[in-house]
There are 2 protein chains.
Amino acid sequence: MTTIKDVAKQAGVSVATVSRVLNGNGYVHEDTRSKVEQSIRELNYTPNEVARSLYKRKSKLIGLLLPDIMNPYFPQLARGVEDEMQENDYRLIFGNSDEKKQKEMEYIQTFVQNNVVGVISSTNDPEADMYTGLNIPVVFLDRTSNDRPSVFADGREGGRIAAQEMMLRGSKEITVMQGPADVRPALERFEGAVEVLEERGAAYQVLKTTSFSLTDAEGFAYELFRQYPDTDGVIASNDIVASAVLKEAHRLEKRVPEDVQIIGFDDILLSSLLAPSLSTIHQPAYEMGRAAARLLIELIEGQHIERSSIEFPVEFMERQTTRKVES
Amino acid sequence: MTTIKDVAKQAGVSVATVSRVLNGNGYVHEDTRSKVEQSIRELNYTPNEVARSLYKRKSKLIGLLLPDIMNPYFPQLARGVEDEMQENDYRLIFGNSDEKKQKEMEYIQTFVQNNVVGVISSTNDPEADMYTGLNIPVVFLDRTSNDRPSVFADGREGGRIAAQEMMLRGSKEITVMQGPADVRPALERFEGAVEVLEERGAAYQVLKTTSFSLTDAEGFAYELFRQYPDTDGVIASNDIVASAVLKEAHRLEKRVPEDVQIIGFDDILLSSLLAPSLSTIHQPAYEMGRAAARLLIELIEGQHIERSSIEFPVEFMERQTTRKVES
DNA sequence: CTTATACCTGTAACCGGTTACACACGGATG
DNA sequence: CATCCGTGTGTAACCGGTTACAGGTATAAG
């Protein structure tokens with residue numbers, strides 16, 4: 001590897017001068033500057049970020065922690081974060097937490113050990129010591145925190161909308177699927193839906209689920225129609241689960257949306273491709289990722305922060321698993 | 001941040017001794033060891049990986065470069081890589097290349113600047129200088145390279161199988177969609193399919209496509225049935241494109257698989273959830289990711305390497321977009 | 001009793017950058 | 001002519017670890 005010393009020798013100057021050229025600070029004579037730049041080009045030199053990071057005690061690295069990149073919702077967040085970071089010359093150290101505290105801690109620790117300058121995390125416990133004790137900025141993505149920077153969608157409102165649309169379109173026996181209890185956004189959606197149902201005195205049932213994986217989802221879908229064969233409206237905890245419900249409804253030869261309406265959550269790629277296509281609550285995941293990255297960069301670079309919590313609105317995507325509303 | 005000096009002072013020894021305890025090498029008296037370990041615990045000390053990396057000229061970081069994490073195929077690869085790396089105490093610096101040489105180069109450069117000890121890349125040009133000039137191990141994932149370590153699925157055979165199954169199930173006017181010409185696996189699938197079609201003297205047409213994104217795919221699907229309204233079998237370049245074709249077929253009120261059969265490629269989550277579910281060529285993406293990570297680790301740790309190229313078999317997943325074959 | 005050897009520990013150089021500080025030079029100012 | 005200041009450059013300390021090397025002690029071997 002070529003080092004700053006090689007460049008200095010080649011250009012006939014000291015390492016300090018090369019460093020000044022590199023960073024564009026201090027005085028450097030124009031002729032010297034060109035000589036150094038030429039040597040840099042000739043030797044194809046790029047500075048070692050590790051050495052820089054050690055002295056300055058900060059790197060150009062960001063830690064990104066998501067529950068599971070295989071869940072189709074998260075790649076959109078990840079890509080939003082990556083694009084924004086890439087454009088601002090930051091790089092990502094990436095890890096999957098599986099919503100497990102242990103893995104989360106391990107990652108946070110190695111983030112710190114590698115001098116990351118900021119962290120973006122989807123955690124269910126923003127108040128955990130591993131976060132409150134960090135002395136670098138953290139942005140919580142897809143998760144709410146009262147007093148710490150976060151970027152999230154209005155899950156409660158999403159749940160409310162889902163329930164309203166369900167009732168508006170004529171479902172009388174609604175089943176609300178409650179996602180994993182320890183996953184915050186899942187809980188909020190659920191609460192939002194139940195709120196509306198209670199307010200209006202509607203009949204509804206709850207089916208608790210414990211995971212978002214497809215194989216598990218198929219089991220929940222089976223269970224749903226076994227326990228509540230007469231349900232005519234299902235508010236699913238996300239689009240994966242909704243897909244499984246749709247598939248099971250087909251298997252039972254129920255007509256969708258005539259016999260049973262289904263509303264999902266997230267609006268992943270899959271949703272628009274299903275037949276019938278899935279009505280769902282859209283979250284602007286890619287934009288949320290970008291926003292989280294922008295916010296983190298502002299925090300890192302110490303600019304004035306307007307709002308340190310950004311809530312994105314959600315939107316009902318009317319597709320084919322809900323009935324048309326007569327106008 | 002607490003440093004090794006703080007620990008040394010607290011334990012009343014030199015930094016060298018602390019280092020020895022940390023790394024478990026050299027002689028350390030049992031009593032000293034416990035004292036040091038106690039101080040480490042009390043101060044909640046973890047060594048700075050950046051300093052380590054600088055001296056040893058190697059880190060515990062791996063560079064992972066994928067075309068686009070939003071394409072549903074890649075998260076599976078990524079997760080496979082991540083799981084295997086995580087279990088072996090390596091961390092990932094992750095980037096999306098969008099199949100663009102420029103972005104690829106930028107990432108490779110910052111990988112090097114950060115002292116990564118290995119790289120896993122899905123590139124279309126493994127022979128590019130940026131790879132051949134690297135003096136750290138590189139494993140090419142989902143891409144073939146003759147003489148360099150790589151992990152990939154048998155795309156050509158996949159294409160052959162698709163064509164065979166298509167014909168076996170009675171399609172007479174097959175349309176083969178050719179993926180982006182510069183994406184190697186897409187090309188191989190295409191070539192495999194055409195090979196079989198030629199061998200058997202079957203009638204077929206080719207539709208060239210230039211991207212894998214869903215919006216573009218919908219355009220290609222439209223174009224396909226406009227140009228070849230009589231086609232009764234479509235071999236799509238991947239499952240996303242296949243989904244778009246399926247949707248368009250529905251729109252045109254063609255029956256699937258009676259009027260037109262469709263075979264995709266990849267076997268992403270989506271495929272089994274569509275209605276009718278999508279027949280496709282399965283690639284074991286998650287396992288491929290793990291295998292690439294394992295291979296890279298072996299390369300890094302200098303163990304004996306049995307095979308430096310690993311080809312995974314593909315498999316026809318018979319679902320509902322192909323007709324049953326009479327037995 | 002001398003010497004070899006295993007065990008234990010500390011000092012200091014080193015990794016590749018950044019930057020505080022010292023110094024030198026030349027023109028402007030009084 | 002003395003002083004000051006802007007410009008330009010080099011020396012060396014520093015970041016937080018690792019490790020070569022030296023040196024000291026205790027025990028075993030000759």
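Per chain, numbering begins at 1; letters A, B, ... match sequence-line order.
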I need the [atom1]-[atom2] distance between [X] and [N], as an integer number of Å.
X       : N      : atom1 : atom2 : value
B/Lys5  : D/dG16 : NZ    : P     : 7 Å
A/Lys60 : C/dT18 : NZ    : P     : 13 Å
B/His29 : C/dG10 : NE2   : P     : 13 Å
B/Arg20 : D/dC21 : CZ    : C1'   : 11 Å
B/Asn23 : D/dG16 : CG    : P     : 17 Å
A/Glu30 : D/dT9  : CD    : C1'   : 15 Å
B/Tyr27 : D/dT27 : OH    : C1'   : 14 Å
B/Tyr55 : C/dA12 : OH    : P     : 16 Å

Using a 4.0 Å heavy-atom cut-off, does [X] contact any base of the nucleic acid, only the sugar-phosphate backbone, or nothing at all?
X       : value
B/Ser19 : base
B/Val13 : sugar-phosphate
B/Thr32 : sugar-phosphate

Inter-axis angle, terminal five-pair segments of the helix from C/dC1-D/dG30 to C/dG30-D/dC1 [nearest 10°]: 60°
Over-ring placement of A/Arg20 relative to A/Tyr27, 6.0 Å and 45° cut-offs: no
B/Asp31 atom CG: more than 12 heavy-atom contacts under 6.0 Å: yes
Along DNA chain C (nearest heavy atom to each residue), the more 5'-positioned of B/Ala16 and B/Leu54: B/Ala16
Nearest-nucleotide 5' precedence on DNA chain C, A/Val50 against B/Val15: B/Val15
Select one nucleotide: of [options], the one nearest the side-chain heavy atoms of [X].
X       : options                : result
B/Ala51 : D/dG16, C/dT18, C/dG10 : D/dG16
B/Ile4  : C/dT19, D/dT18, C/dT9  : D/dT18
A/Ser14 : C/dG10, D/dG17, D/dG10 : D/dG10

Ignoring hydrogens and angles, state whether a donor on the side chain of [X] or [Y] is under 3.5 Å from an acceptor on the partner side chain.
X        : Y        : answer
B/Gln113 : A/Asn48  : no
B/Gln10  : B/Gln38  : no
B/Ser53  : B/Asn115 : yes

CA sep, side-chain torsions, deciding dist, call: A/Glu82, A/Arg91, salt bridge (charged side-chain N to carboxylate O under 4.0 Å, His left out): CA-CA 8 Å; A/Glu82 203 264 349; A/Arg91 302 287 120 127; over 6 Å; no
No-H, no-angle donor-acceptor pair, B/Arg57 side chain to C/dG16 base, under 3.5 Å: no
Donor-acceptor pair under 3.5 Å, A/Arg33 side chain vs D/dG8 base: no
C/dG10 OP1/OP2 closer than 4.0 Å to side-chain N/O of B/Thr17: yes
Test of ring centre spacing under 6.0 Å for B/Tyr73 and B/Phe212: no
Passing candidate, side chain to side chain contact (heavy atoms under 4.5 Å, CB included) with B/Val139, options B/Val81, B/Leu299, B/Ile297, B/Val119: B/Leu299
